[in-house]
S.K.: 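Take a look at this one; I'll ask things after.
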Amino acid sequence: MTAWISEFVPALFRQWAFVLAVSPILPGVVAKTKAWVAGRQGPPVIQPYRDIVKLFQKGAAYSRTTTWIFRAGPVISFSAAMAAVLMIPIGGMEAPLTFQGDLILFAYVWGTSRFFTMTAALDTGSAFEGMGASREAVFSCLAEPALFLGLLTLAREAGSLSMSDLLSVGLIRIWSIHAPALCLVTTAFIVVFLTENSRIPIDDPNTHLELTMIHEVMVLDHSGPDLALIEYASAVKFFALGALLVRIVYPIRSGGFWAGGAVLGIGLLGLSILVGVIESTMARLRLARIPQFLAFAFVLAGFGVILTLAAA
Amino acid sequence: MTLDALITQNGAAFDAVDVPILSPEQFRREILDGVERGLRITAYFGERIGAAKTSLVCVLADDAENSLSVLSCAVRDRYRSLTPDCPQAHLFEREIAEQCDVIPEGHPWMKPVRYQSVALPIPGGTPFFSAEGEVLHEVAVGPVHAGIIEPGHFRFQCHGENVLHLEIQLGYQHRGAESFLETAPSPRSMAVAESVAGDTVIGHALAYCNVVESISRCAVSPRAQALRAVALELERLSNHIGDLGALCADVGFLPSAAYFGRLRGEFLNLLMSLTGNRNGRSFVRPGGVTFDLNDSMPADFQARLKAAEYDIQSAARLMFETPSVLARLEGTGAVSERTCRELGLVGPSARSCGMPLDVRSDHPHGAYRFSHIPVSTVSGGDVYARAMVRRIEVERSIQFLEDHLHDMPEGGQDLRNSAGPLRSGRMTICLVEGWRGEIAHVAVSGESGVLRRYKIKDPSFHNWTALAMALRETPISDFPLCNKSFNLSYAGHDL
Amino acid sequence: MMSGEYSAILVLVVITNFYILNTSRYIISARAIALQGCLLSLLPLPDAFAGSPQAMFLSAGTLMVKGILMPVILIRAIRSTDEFRVAQPFLGHVASVLLGFVILVAAFWAGAAIPLPTRPHDVLMGAVGLATILTGMMIMVNRRKAVGQVIGFLILENGILILSLRISRGLPFVIEMAILFDVLLAAMIFGGFIQSVHETFSHTDVSRMRKLKG
Amino acid sequence: MTPFLICLGLWTLGGVVGLCGGKRILPVSASAAVAGSVLGLLTAAKVLATGDGVAFHAGWQMPYGEFHLALDPLSAVFLVPILVLCALAAVYGVGYLKDRDSRQIGGAVFFFHLLVVSMCVVVTAKNAILFLLVWEIMALVSFFLVMLDSRRVEVRRAGWIYLASAHIGTAFLLVLFAWMGYTAGNFDFDAWQNLSQIGTRTASVWFILALIGFGTKAGFWPFHVWLPEAHPAVPSHVSAVMSGVMIKTGIYGLIRVVALLGPPPAWWGMTLLCIGLISGILGVLFALAQHDIKRLLAYHSVENIGIIALGMGGGLLGMSYGMEEAALFGWAGALLHVINHALFKGLLFMGAGSVQHATGSRDIEKLGGLLKKMPVTGSTFLIGSAAISGLPPLNGFVSEFLIYVCYFKLALGGPLFTGAAAAFAIAGLALIGGLAAACFTKVFGVVFLGEPRTDVSSHASPFSLTTPMALLAASCILIGVFPSAAVRGLTVEALKAIGLGLSPADVGLLSLTSILTRLNLCIGILIALLIFITLIRAWIISRRRISQTVTWDCGYSAPTSRMQYTAGSFVQHFIDLFHLFLQPRERRQNPIGYFPKKASYESHSADLATRRIFEPLFEWIQDLAEKIQWIQQGRVQTYLLYIFVTLAAVLSFQAFR
């Protein structure tokens, strides 16, 4: 028992340290890429760290309409993000938390985070935030089936229900036999990734227009440390879902935590650049067209499932 | 002409007493007849005469005949409103009610325009139109906006994302520009005229100068006229390109947004080379302009225009050929041609509904009398059409500038003539096609060289209502896009 | 060519189907059809490398006709009618895509039932062929404008080609060439059809053809 | 067994006492109920812990058997939520009913207690005749409860719809039990064990009969039509019981019969899977479209019954393919969801009742900002909302997790067709989860958050209303935080009773235990993180300057309560997206012209099954009835009864032959 604890606890904190240290740089890289494509200097890549630190140092303003729910929202979304990353294998080894079925918990933890973010948004009694919550509700609910079907494809290929097995070395072999299915899943996951992280073409994180945003408008009234938690949580979410994508596309062979972590980090930087390029070359979808886009992702993931099922 | 009115031309001065004074009933019928025949109300204002009397003056533009008709009537404290039969009069009548305390009876929408009258309520005190239904909600945006833009309050009646109705309440920027100009022309009044709308410096300055020149019968040299046209077109170019960039930014399409943002700077810089100010301030003055082009500058301008034109072409092609952009623009915020006609829209907003309205060709003034710019119209009335009109106008303006700079009239010492004192009892109507559309300045001079009544009409005054109409049955998330596609002036409306 | 690439091509064919179901822009649909034609031209290549000049010929013919010629005709027809902005399917796009997915599942179910000698990728090929045919039919039913019907028809023809490649194995290639020219002919006729509908109604909306009655 | 009989006695006693007194007698009845429930729960707990059933033979010979009650683990699994929820509902009723006139109170208490007793007997009856008898009593008693407020037209309508559907269900059961009893030669359930030897064809017919008969009670789509009518009509604590546990008796019956029928063919599982998907998705979609909070919750019962059916379907599929592990997860999920749903749905209905009690309104569009005035009701309602949305770390997640694992395992190991079906089930579950979360964000956000939309008065709920809710919320959290203990304690013995995991060293059971232990660890870490970060945040915030202000209003100083999102607006995307199913009837008056005088908008989604199946069916039947006027009775239901009697006759003929 004590041996298990002495192994488990350091792994836990190592994972958190890595994620907390790496994740804020990713939005910074996206912003830098966008600036670079647009021919601008752009903010330094470490700007998100500065923002978070600055926000933690600030005071906060609360609306008189709000209740404890408004204050609980950021805490829950940050905790959920921190819990979810424990299921992601960083290096070539297993994640600190792994069991058969952890992929379901992984997907649902984000659901908890979303639920409380939405209720916190509605707590302000503002039409803007209601609008954001309504959009978040519908789009995330449509992205969910695509995510699950994608995970199912991977699970079927890996023969396991654990994220650590799904994203293991075995993927290399699977790529060599079932490349089409994996490509379909990757495409679907990119869509889910963009949706969940409120990126163009689903959402435009940079616009200041309350009427068109999704995620940003939900957190309009949060300030100070609460906003810092939200920003940090969304960076961690970017990391977690991004790591899922990177691990699929580039299965990490072996290596310890830090060597594998470095490879993963490089992959995530690449993903951030890719997101920056996507944001620089695509217009945002009209809101009414987003379900269509997500249905497309769902169909791709479903096709992936069919291919793996038919291959048996 | 069956119209019982004084027929005049853009920029011509006439004796104020020549304007026929009709009975209110006749006045009303003449206007309705005129609008029925396709005329537009270009200006409509009241002037207090005596203790309890107000004279209503209406200027109708006949775009086909290139003429303007002026008619007036005298009323006491109320008259029958034109609005139920002629919607384009609605804001004018509300403005008259606010300025002169004359009540248009039967006006369906008596709400404050600028909160400038003591009789009408303060901001926030007017009830907004409210649709019934428990599932509906209201979205209130403004007067403080998230972007750095001017103040205005927008009230949406929504079912979820769909807007049933939008009501726009402006007036937060009222500064009293008209009353500042009701003096003898002075450097200060020039500054006021240039500040009517901060992004239409040349347009409003030009209109004011035309008024002063016309009443004081001052001639402007051909070279000064040509330079004024160059400045006006540069202003149009920089704003249109800025709008195209802003549209791209609103749909989240960054490459074109960044491109257009830079190109807008190119034209502001050109304007700076010409006028010494990126917005063109202190350039247009009564009697002429303050700066000339030296010998090398036309060639330099042409080269810079050429280079910019190439870049604009590629940025515009990128914008108009990317399906994801088109999908956002097409069919969004459509205004029908009928609405356009009934509300009397002007400028690119009208041209995007297929209405060939352009002061530069309908009521040409200055250099436009000699060199023409084709009117650019697009049908559809949606955001796409409004973007397309801007794109075409950009191309044509650049073409115009290139031709124009190639053979500028020779000029000597007469670049800026002195205007001389205003003659008394004269009236004039000066229209200028600013980048937003028809700017109308109407002035009546009084005794001893002062302007007795000065009326400014920014194109936004017509077009704001069209934005509200464009939003009907449109997703609220498309509002910023629609708003940007009209890009109307709050300051120009609020004066 | 390995079966991995083979299935990749077929997967891409299915994706183009969905893409066409999902898009509302006719020009984009036509481009996707061109892509689909090019993909189809790759399918006979394994046989060609195995030393079958007929297969080589078939591949080249497919590329010429389906990959280049017909899309060009189609795009010109679309441009000429000035109706290249948007399609309005009777069913919404989301519903069409989901229906397309149901069709795909059904095709996989039925495709496995085609009783012919199977190579490793035959199940996939049969299913994709069937799905493509059915998708084409669905598009033909679902679109209002004549252009939409043409697009549906071309997809249907592509599906027939895949299915015939799946079934044939020994089918004289003359028949396949005949199919190709058949399609070409159809495309020409459709081009003219769009033109005439357009000229008659200045609006290629098939639902307005009811006016033709009586 | 004696404590259980005393429990029944106490409940009955409480009911009879309630009948003769006014509001002062309410606490007495409730005390009897609580005492009885505690006794009953002790018995049930013992059964669940040991796995050994207890039986009671009264020795009264009825025509086809004797009065035979038995408490085996399967009964106990259903008895636990019944007794827990009903006892709490009885306590809740003390505060909830006391403002009504005493005649109504008497009826409500009496029928409520009788309903509880009948439910307890239904899940323990061991004789088919007794079962049917009590089943019918249960239906009638709940009908009387629905009709309590029979002055209102919609209540009468609800009552009749309920009665009709209850009897349609009973008719099928009558045929089923008659047939099974005839085949077995006896009506005692114990004697039916050898029915598993019967051929698949007969078994399938029985399965279908049971599916329709019990499905009508359980609320499978499209037999759910009575739920959204009946639940809003009864007092809230009764709706909590009806929705939380009464409909589960249908599930109980179905499991009981299926367990008797021997190895299931795959298509049974497929059928339940389809029913589950349809009920789940359509249930939650129609819930989204509702404005009446109790009607909305009633539709959520359809959704949750769908989830339970998905679990059962997965269990049956696993059994038929010999995938014991998957089957174990499916059944465990279904059984646990039965309990979980009773807890959170009871909680939510009580919350809705408190809101109605405090404000007098069930229309969520009229409410708002109640959390400040009713903190306990609001907070517990939030816990219930999160639980019903299947979010960790609450109990709803645990049962949905088990069902997910079941389908993942089926998809991993099953043949192509099963794999595809499992994939659909997984996608469907994900969709249902997302939609449910959206729906409860809507309800909670609109009712409890923001500012009041109309000036309805409200007050904090009395102690007797909040205590049961707090207890239910606590149990939701408890099961969610300790999933491993909950599953092992509550379901494992019952799983054995269904015929799964018979040996202690069973692979499936081991994997179930190990997965749940790890899940427990993860949820523990999540909880620890929540506490830790809450403390950190509190520490940081305490050192910063905090100011109170208004919600961002764009500088406009005269806001109105209409400037918040409404429930109808919140779900507009969903209604647009799924209009094919919801078919909203819009009544709109668009603003006309440039200066509109009036505009309005209303939207209402009538039930799809009512509109597309039953109304046409009833119309058709009415037409038919008009044609055969010679058996004219004047009531559609009677005609229906004729039709089903005929059907029963035909089927019995088949059996006798």
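The sequence lines fix the lettering, A, B, ..., with proteins before strands; numbering per chain opens at 1.
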S.K.: For the interface with chain A, which of D/Phe417, D/Phe408, D/Phe424 has the highest count of heavy-atom pairs at distances below 4.5 Å?
M.R.: D/Phe408
S.K.: Step by step, would you call D/Tyr404 with A/Tyr108 a ring-ring contact (aromatic ring centres under 6.0 Å, His included)?
M.R.: CA-CA 11 Å; D/Tyr404 268 116; A/Tyr108 264 70; 5.5 Å; yes
S.K.: Report which part of A/Ser140 has an atom under 4.5 Å of a heavy atom belonging to chain D: side chain, backbone, both, or neither.
M.R.: neither
S.K.: Show the nearest heavy-atom pair for residues D/Arg544 and A/Phe56, with the distance to one decimal.
M.R.: NE-O, 2.7 Å
S.K.: Return the minimal non-hydrogen interatomic distance between D/Phe401 and A/Gln100, and the atom names on each side.
M.R.: CZ-O, 4.2 Å
S.K.: Mind ranking A/Trp68, A/Phe78, A/Phe116 by heavy-atom pairs under 4.5 Å with chain D and telling me who comes out on top?
M.R.: A/Trp68
S.K.: If I take atom CG from residue A/Leu105 and atom SG from residue D/Cys522, how far apart are they, to the nearest 0.5 angstrom?
M.R.: 5.5 Å
S.K.: Looking at chain D, which one of A/Arg135, A/Glu144, A/Met131 has the largest number of heavy-atom pairs inside 4.5 Å, strictly under?
M.R.: A/Met131
S.K.: Highest number of heavy-atom pairs under 4.5 Å with chain D: which of A/Ala80, A/Ala120, A/Gly125, A/Ala121?
M.R.: A/Gly125
S.K.: Does anything in residues 512-552 of chain D form a ring-ring contact (aromatic ring centres under 6.0 Å, His included)? List the pairs, not counting sequence neighbours.
M.R.: none
S.K.: So which part of D/Cys554 gets closer than 4.5 Å to some heavy atom of chain A, the side chain, the backbone, both or neither?
M.R.: side chain
S.K.: For A/Ile76, which atoms come within 4.5 Å of any heavy atom of chain D: side chain, backbone, both, or neither?
M.R.: both
S.K.: For the aromatic rings, using the six-membered ring if either is Trp, is the centroid distance between D/Phe440 and A/Phe115 under 6.0 Å?
M.R.: no
S.K.: For A/Leu149, which atoms come within 4.5 Å of any heavy atom of chain D: side chain, backbone, both, or neither?
M.R.: side chain
S.K.: For the atom pair CG (D/Leu371) and CZ (A/Phe70), what is the distance rounded to the nearest 0.5 Å?
M.R.: 14.0 Å
S.K.: At a heavy-atom separation under 4.5 Å, does D/Phe570 approach chain A through its side chain, its backbone, both, or neither?
M.R.: both
S.K.: Does any heavy atom of chain D fall under 4.5 Å from the side chain of A/Val138, the backbone, both, or neither of them?
M.R.: both
S.K.: Tell me if the centroids of the rings in A/Phe128 and D/Tyr565 come within less than 6.0 Å of each other.
M.R.: no
S.K.: What option among D/Arg537, D/Gln572, D/His573, D/Gln564 has the most heavy-atom pairs under 4.5 Å with chain A?
M.R.: D/Arg537
S.K.: Given side chains that start at C-beta, do those of A/Ser134 and D/Phe574 come closer than 4.5 Å, heavy atoms only?
M.R.: no
S.K.: Which atoms of D/Ser385 are under 4.5 Å from chain A, going by heavy atoms: the side chain, the backbone, both sets, or neither?
M.R.: both
S.K.: CG/D/Leu412 to CG/A/Leu161 distance, rounded to the nearest 0.5 angstrom?
M.R.: 5.5 Å
S.K.: So, using side-chain contact (heavy atoms from CB on, under 4.5 Å) as the criterion, who are the partners of A/Leu12 when residues are at least two apart?
M.R.: A/Phe8, A/Trp16, A/Leu86, A/Pro96, D/Ile525
S.K.: Taking all atoms of both residues into account, what is the closest heavy-atom pair of A/Ala137 and D/Ala438, and its distance?
M.R.: CB-CB, 3.8 Å
S.K.: Under a 4.5 Å heavy-atom cutoff, which of A/Ser223, A/Ala158, A/Ala228, A/Gly130 has the most pairs with chain D?
M.R.: A/Gly130
S.K.: With a 4.5 angstrom heavy-atom cut-off, is it the side chain or the backbone of A/Asp123 that approaches chain D, or both, or neither?
M.R.: both
S.K.: Under a 4.5 Å heavy-atom cut-off, does chain D meet the side chain of A/Arg114, its backbone, both or neither?
M.R.: neither
S.K.: Select all residues of residues 287-301 of chain A having any heavy atom within less than 4.5 Å of some heavy atom of chain D, and report them by number, or 'none'.
M.R.: A/Pro291, A/Phe298
S.K.: What part of A/Ala133 lies closer than 4.5 angstrom to a heavy atom of chain D: side chain, backbone, both or neither?
M.R.: both
S.K.: Can you give me the closest heavy-atom contact between A/Pro225 and D/Ile540, atom names plus distance?
M.R.: CG-CG2, 3.8 Å
S.K.: side-chain contact (heavy atoms from CB on, under 4.5 Å), that's the test. Do A/Ile69 and D/Phe444 meet it? Break it down for me.
M.R.: CA-CA 11 Å; A/Ile69 299 202; D/Phe444 183 74; 3.2 Å; yes
S.K.: Within this structure, what is the CG-CD1 distance for the pair A/Leu229 and D/Ile533, rounded to the nearest 0.5 Å?
M.R.: 7.0 Å
S.K.: Quick one: of D/Ile426, D/Thr534, D/Leu435, D/Leu519, who has the most non-hydrogen atom pairs under 4.5 Å with chain A?
M.R.: D/Leu519
S.K.: Can you confirm whether D/Lys372 is buried at NZ, in the sense that more than 12 heavy atoms of other residues, nucleotides or ligands lie under 6.0 Å from that atom?
M.R.: yes
S.K.: Considering only heavy atoms, which portion of A/Thr66 lies under 4.5 Å from any heavy atom of chain D: side chain, backbone, both, or neither?
M.R.: backbone
S.K.: Taking all atoms of both residues into account, what is the closest heavy-atom pair of A/Leu309 and D/Gly419, and its distance?
M.R.: CD1-C, 3.5 Å
S.K.: To the nearest 0.5 Å, what is the distance between OG (A/Ser63) and CD (D/Gln548)?
M.R.: 8.0 Å
S.K.: Taking D/Arg518 first and then A/Asp102, would you say they form a salt bridge - that is, a charged N and a carboxylate O separated by under 4.0 Å?
M.R.: no
S.K.: Taking A/Arg156 for its side chain and D/Ala411 for its backbone only, find out whether a donor-acceptor pair lies under 3.5 Å.
M.R.: yes
S.K.: So which of A/Ala84, A/Gly101, A/Cys141, A/Gly224 has the biggest tally of heavy-atom pairs under 4.5 Å with chain D?
M.R.: A/Cys141
S.K.: Assess the residue pair D/Val550 and A/Thr65 against the criterion (side-chain contact (heavy atoms from CB on, under 4.5 Å)); give the C-alpha distance rounded to whole Å, side-chain angles, the decisive distance to 0.1 Å, and a yes or no.
M.R.: CA-CA 7 Å; D/Val550 293; A/Thr65 309; over 6 Å; no
S.K.: Based on non-hydrogen pairs under 4.5 Å, which of D/Thr551, D/Leu529, D/Leu577, D/Thr566 is most in contact with chain A?
M.R.: D/Thr551
S.K.: Applying salt bridge (Lys or Arg N to Asp or Glu O under 4.0 Å), which residue pairs with at least one partner in residues 558-568 of chain D are found, sequence neighbours left out?
M.R.: B/Glu138-D/Arg562
S.K.: Using modelled atom types and a 3.5 Å cut-off, is there a donor and acceptor pairing between side-chain atoms of A/Thr112 and backbone atoms of D/Pro392?
M.R.: yes
S.K.: Of the backbone (N, CA, C, O) and the side chain (C-beta and beyond), which part of A/Thr153 lies under 4.5 Å from a heavy atom of chain D, both, or neither?
M.R.: neither
S.K.: Looking at every heavy atom in both D/Gly445 and A/Leu122, which two are closest together, and how far apart are they?
M.R.: CA-CD1, 3.7 Å
S.K.: Most heavy-atom pairs under 4.5 angstrom with chain A, which of D/Leu530, D/Leu431, D/Val405?
M.R.: D/Leu530
